[in-house]
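Some notes on the structure that comes next.
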2 protein chains.
Amino acid sequence: MKYVFTTVIKRQRMKHKGKTNPPGRIKIMKSFSGLMAQKDFHSITTAEIASNARVTEGLIYKYFKDKKDLLYQVLNEHFFEFQAKIENRIANEKTCIEQLEVVIFSSLESYAENRIFSKILLLEVRNSLEFFDSCAYEMVRKYSRTILEIIENGIKTGELKPDVDALTLRKVILGAIEHACLGEIIFGKELDIDDVSSGIANIVFNGAKA
Amino acid sequence: MKYVFTTVIKRQRMKHKGKTNPPGRIKIMKSFSGLMAQKDFHSITTAEIASNARVTEGLIYKYFKDKKDLLYQVLNEHFFEFQAKIENRIANEKTCIEQLEVVIFSSLESYAENRIFSKILLLEVRNSLEFFDSCAYEMVRKYSRTILEIIENGIKTGELKPDVDALTLRKVILGAIEHACLGEIIFGKELDIDDVSSGIANIVFNGAKA
DNA sequence: TCATAGAGGTAAGTAACACTTACTCACATT
DNA sequence: AATGTGAGTAAGTGTTACTTACCTCTATGA
């Protein structure tokens, strides 16, 4: 009989707790980020990543389980800053409406400021179910939960109509944000964050019907 | 000097005008559709598609430029029915609000009824820029244009507020629809179309603010 | 002081995959 | 009867993600 450990027992796993973040690892992530700005994930080869980082291909697999793992970790880094910035801003607002306006504006701003981040999140990671087990997705969920809490609180305090469904409102807000960014990411156009975010807020809060 | 025709002059290109839709081609598309219901695009191999269709791998490349082209053509087929159904329904409604409600409901319905279609459209095609040159994307644009026209008309007739931006309203509607479907596609949950579509319409038309 | 463990990094593979080439067969048209 | 053509096959080939085995430092503790 044959027993196989499918859970990863990588021979050399980095101790990403703390000090040692070897130069090779950093070079690989930087190299990959740079390439992601130019082309899509699948047309970037491991050979390309390595030569661009001036290391050998094998080294990639010392620090990353596979190519996708590299993708997720790069995403995760960007996500971290994003998350921190928004949570801070939200804390500065009092009313539910203002908080949601911050969510809309800051999300658009982050997406616009950080093309690679948004490209990965909106276009690349979704097509593989692995992502939804990754720690990067855990952050998405946390962000998502924060928004839901704001909404539920707004309904409770009477700021929002009692008949709106919190989950649906979140869908509308997040969907609008993502959709607004897509065109800009894909076709590389600039987007007027102030315009778009106040436009979305106007519709979502006041409604479009005359 | 060397001249290369980069525009496709495939040796044998199907005359998709009309009668001959060879059994092999149909088998390949059916096989691929079936596999797409089970796993994601990248983990489906050409060998798998071929053996599942009981043809040889080479035949795939007689009818399709490459694996992605097969993806786009399958998408295109599904899209065609979708488009026709919706345009019909829209024609039966008079007011702008009713028409947009039809758009929301029918989109959700189509996505729910047709998992492969939605999976391809929402998760698989986006990560490659080629898609945005394909004829499948041309249909997306057409659909998108129809919605914009309904909105612009609604603003003109006074059904919608004059201060809403038509493009933004479209973003909100489309974004909400897509976002609503994503979770269901990814995690395979059922979605209550009536609930979700009336919820979205409620927020978009009446606003969430008390 | 010196063996050694282990991290950082390399070089040379390999299996699998998307895609190609060169071919055969059936059959309609002249 | 010759020929052209569409449907389909069989056997490749180059590329790519990933693996294995190895080297080379350096820090530590017996």
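Just so we're on the same page: letters track the sequence lines, and every chain starts at 1.
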Which nucleotide in the set C/dG9, D/dA7, C/dC17 lies at the smallest distance from any side-chain heavy atom of B/P22?
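The closest nucleotide is D/dA7.
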Could you check which of C/dT10, D/dC18, D/dA7 has an atom nearest any side-chain atom of A/D66?
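Taking heavy atoms from C-beta onward, the closest nucleotide is D/dC18.
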Within this structure, what is the [atom1]-to-[atom2] distance between [X] and [N], rounded to whole angstrom?
X	N	atom1	atom2	value
A/K65	D/dT19	NZ	P	9 Å
B/L71	C/dA18	CG	C1'	15 Å
A/I49	C/dG9	CD1	C1'	17 Å
B/L70	C/dA18	CG	C1'	13 Å
A/I28	C/dT10	CD1	C1'	12 Å
A/E57	C/dT10	CD	C1'	12 Å
A/L59	D/dA17	CG	P	16 Å
A/R25	C/dA7	CZ	P	15 Å

For the ring pair [X] and [Y], is the centre-to-centre distance below 6.0 Å?
X	Y	answer
A/F132	B/F187	yes
A/H179	B/H179	no
A/Y72	A/F64	no

A/A37 backbone acceptor or donor facing A/R115 side chain under 3.5 Å:
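Here the side-chain-to-backbone pair does not exist.
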Return no unless some side-chain N or O of [X] is found under 4.0 Å from OP1 or OP2 of [N].
X	N	value
A/Y61	D/dC18	yes
A/K67	D/dA17	yes
B/Y63	D/dG6	no

Test B/L35 against every option in B/I116, B/I44, B/T45 by the side chain to side chain contact (heavy atoms under 4.5 Å, CB included) rule and name the one that passes.
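It is B/I44; the other options fail the test.
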Please work out if [X] contacts a base, only the sugar-phosphate, or nothing of the nucleic acid, heavy-atom cut-off 4.0 Å.
X	result
A/T46	base
B/G58	base
B/T56	base
A/I44	sugar-phosphate

Base of D/dG8 paired with side chain of B/K62 (donor-acceptor, under 3.5 Å):
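Checked by distance alone, the answer is yes.
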